[in-house]
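Lettering follows sequence order; numbering is per chain, from 1. Since we're looking at a predicted model, the values are computed, not measured. Heavy-atom basis, side chains included; hydrogens, waters and symmetry copies ignored.
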Amino acid sequence: MPATRSQRAEAALAAIAEEAAKSEDDVSSDEEEESQGFVFAGKVYAKYEDMVDAKRERNRQMLEKSGLLEASAALRDDLEAEKSTKRATQRGIRSGKRKASKPLPRRKSSRIAGEESAGIYIENESGGRFTFAGAASSVRSASLPEDDVESERFFNDRINDGSDLTVKEAVEGLDAKWVKEGTVTAAKKFMGEVLPSLVNAVSEVTVKRSPTAKSPTSVASVSMASLSEQVGSLSVEDENCVSKVVPDRIYSIACHPSSSSLIVCAGDKQGHVGLWNVDSRGEDEHNDTDGVHLFKPHSRVVTHLEWNRCGNSLISASYDGSVRLFDLESQKFQEIFATYDDSSEFKTKLGYGVDNGYRYWTQYFCLDHRSADGKCLFLSTSEGTAMHVDLRSKGQLTFHQKLSEKKINSLSLHSDGNILASAGLDGAVKLWDIRKFKSSKHASKFATGCKPIATQQSGGKSINSAFFSASGKSIVSTTQNNYLDLTDDMHKQSGNVKATKKVRHDNHTGRWLSTFMAQWHPTLSNEDLFVVGCMRRPRTMELYNGQGSLLRGIHGEQLTAVCSRCCFHPSEGRLILVGGNSSGRVTVAR
DNA sequence: CTATCGGTTAGAGGT
DNA sequence: ACCTCTCCACCGATAG
């Protein structure tokens, strides 16, 4: 008895192929005996219909004997059983549906009315997209309602010209359906009072250790026994562990370092950043969002979110080319860096001339942990370049270097502070010695010609991410080749490096889900752990150790969707995992 | 070599 | 229960 569905199905197909091969000669006998009747499988039939019936009966028997019917029924039953009809939680931000007070005027066809169009016509229509052609000015005025024509547009459709954004403005930039009466007040209170009070707690508790410290003597350090206990007890059963934090698909997720309160931040496809105070119960009775506060600091995908080490600033970067820092002290989302093209009006900007316009965007960033305040960062682009932005003193681009011909999906700085790992569409993880990068006088001209210290290929397929573990011992990459590749001590090797361990993992997320990116625990010192989402049903978050063994697949009642982007809370004392899904919901496992 | 197309994929929200 | 929308994700094939 074959063990699996696929084996049963394969056996059935083999049986059919065999039968088909045996009856090859049927065909020739049909043709020869036409005058005396119809021959099939050694028998003569007077009528053609009888022969056909016999043939059909033979085929039916063959199908039944093959077991394909049973296999297909079993498969169907399994799929039905796996499908959960459970509706996602409605906790979190809720869209306030405004009942249309008066129905909108019915649209009339100007073509039928015989009206002349203002020189505009649809040039191309494919895949649901329309390209208009005609006089540019008339297109603009005709396609926009009149009162919108006035609204100013900014470079790359960013939300403003780069000036600071107050909490109030960041809330008011939201679509009206997310804003209710108490929204601004609640957001101001949370950002201005709740968060700062946590940061004071952080600075007392946080072990001030540099990432290079080899053996931290922190009291919060987890003993092996209690870690495995915590791994075993991780759960997603509590109905309060899920909440809608942003309106759209989650691209980035991060936890505030406070160990007293759990604050999770998520960034979505449309440039929203949501902060969720997970355990707030009735924090503000005028706000019904279950502790979620939503902002709009960007206009497009928020690719990555990161808190600085002490938790007083949140840095976010977006496809719109801007990097913003929310500073708890100033209570403003400051634009700390932004790319611009070479129009002279942007000459004074740090990112002047960097943006090539066509198919150019900033893809990913990672903080430079050598500077604790979060004022230095590495930024990668869709063009395969990487730059180092240093915002101390006046601010400068330390380097701007071409690392690849294709988009770079992730950057990771080794704990030694000298080696940078890049990974992306070119299908290779590459390690670079950043001391070799030339500082560039002209930011717009990126340097070329540097060679990586070490590379690792992933079967020609693109790589979603490659990150160094906190200890710096391993690197884990998530590939479109459907593997998690773990490599030990890659930073000590050169040339072509082979993965230490390859873990088979379905990373084929398709176009509607954010890609998976295996993420390391940021602080655990005595063991490396990483978390990654997966496609398995029931929906699961996977927790692996540094050797690539699956410690735990966490699933449960409340985990109803694929968690594309996951991360850990940085606390060493308590293991907490969070995952974000394609509908803006965040799930907490603890 | 570059552009474009179809296929793949999961989930919510509306009717 | 069914239908529609998502559409700078990526792969592989094909056209120019």
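Side chain of A:Tyr319, nearest nucleotide from C:dC8, B:dT9, C:dC10: C:dC8. The A:Gln480 side chain lies nearest to C:dC10 when the options are C:dC10, B:dA10, C:dC8. Distance from the side chain of A:Ala88 is smallest to B:dA12 among C:dT6, B:dA12, B:dG11. Closest to the side chain of A:Arg585, out of B:dG13, C:dA9, B:dT9, is B:dG13.
Dashed line: the shortest gap from a side-chain N or O of A:Asn409 to OP1 or OP2 of C:dC10 is under 4.0 Å. Distances shown here put every side-chain N or O of A:Arg249 at or beyond 4.0 Å from the OP1 or OP2 atom of C:dC7. Between A:Lys407 and C:dC10 there is a side-chain N or O to OP1 or OP2 distance below 4.0 Å. Distances shown here put every side-chain N or O of A:Lys269 at or beyond 4.0 Å from the OP1 or OP2 atom of C:dC8.
Using a 4.0 Å heavy-atom criterion, one finds that A:Lys244 contacts the sugar-phosphate atoms exclusively. Residue A:Arg300 is in base contact, counting any heavy-atom pair closer than 4.0 Å across all strands shown. At a threshold of 4.0 angstrom between heavy atoms, the contacts of A:Asp320 with the nucleic acid are absent.
Toward the 5′ end of DNA chain C lies the nearest nucleotide of A:Gly510, the other residue of the pair A:Gly510 and A:Lys461 mapping further downstream.
Under the 4.0 Å criterion applied to side-chain N and carboxylate O atoms, A:Lys461 and A:Asp426 are not assigned as salt-bridge partners. Of the charged side-chain nitrogens involved, none lies within less than 4.0 Å of a carboxylate oxygen, so that A:Asp268 and A:Arg300 do not count as a salt-bridged pair.
If you take atom C1' in B:dG13 and the same atom in C:dC8, they sit 25 Å apart, rounded to whole Å.
The aromatic ring centres of A:Trp520 and A:Phe530 sit less than 6.0 Å apart. Residues A:Tyr352 and A:Phe346 place their aromatic rings such that the two centres sit no closer than 6.0 Å.
Protein atom CG of A:Asn482 is 12 Å distant from nucleotide atom C1' of C:dC10, rounded to whole Å. Atoms OH (A:Tyr251) and P (C:dT6) sit 14 Å apart, rounded to a whole Å. With rounding to whole Å, A:Arg94 atom CZ is found 16 Å from B:dG13 atom C1'. Atom CZ of A:Arg359 is separated from atom P of C:dA9 by 11 Å (rounded to the nearest Å). Here B:dG13 presents its C1' atom at 16 Å from CH2 of A:Trp512, a figure rounded to the nearest Å. Rounded to whole Å, atom P of C:dC11 lies 10 Å from atom CG of A:Asn481. As rounded to whole Å, 10 Å separates atom C1' of B:dG6 from atom CZ of A:Arg511. In this entry the distance linking CG of A:Asp268 with C1' of C:dC7 reads 16 Å, nearest Å.
A cation-pi contact, defined as under 6.0 Å to the ring centre and within 45° of the axis, is absent between A:Arg565 and A:Phe516.
Side-chain contact of A:Thr385 with A:His400: a donor-acceptor pair under 3.5 Å is present, judged by distance alone.
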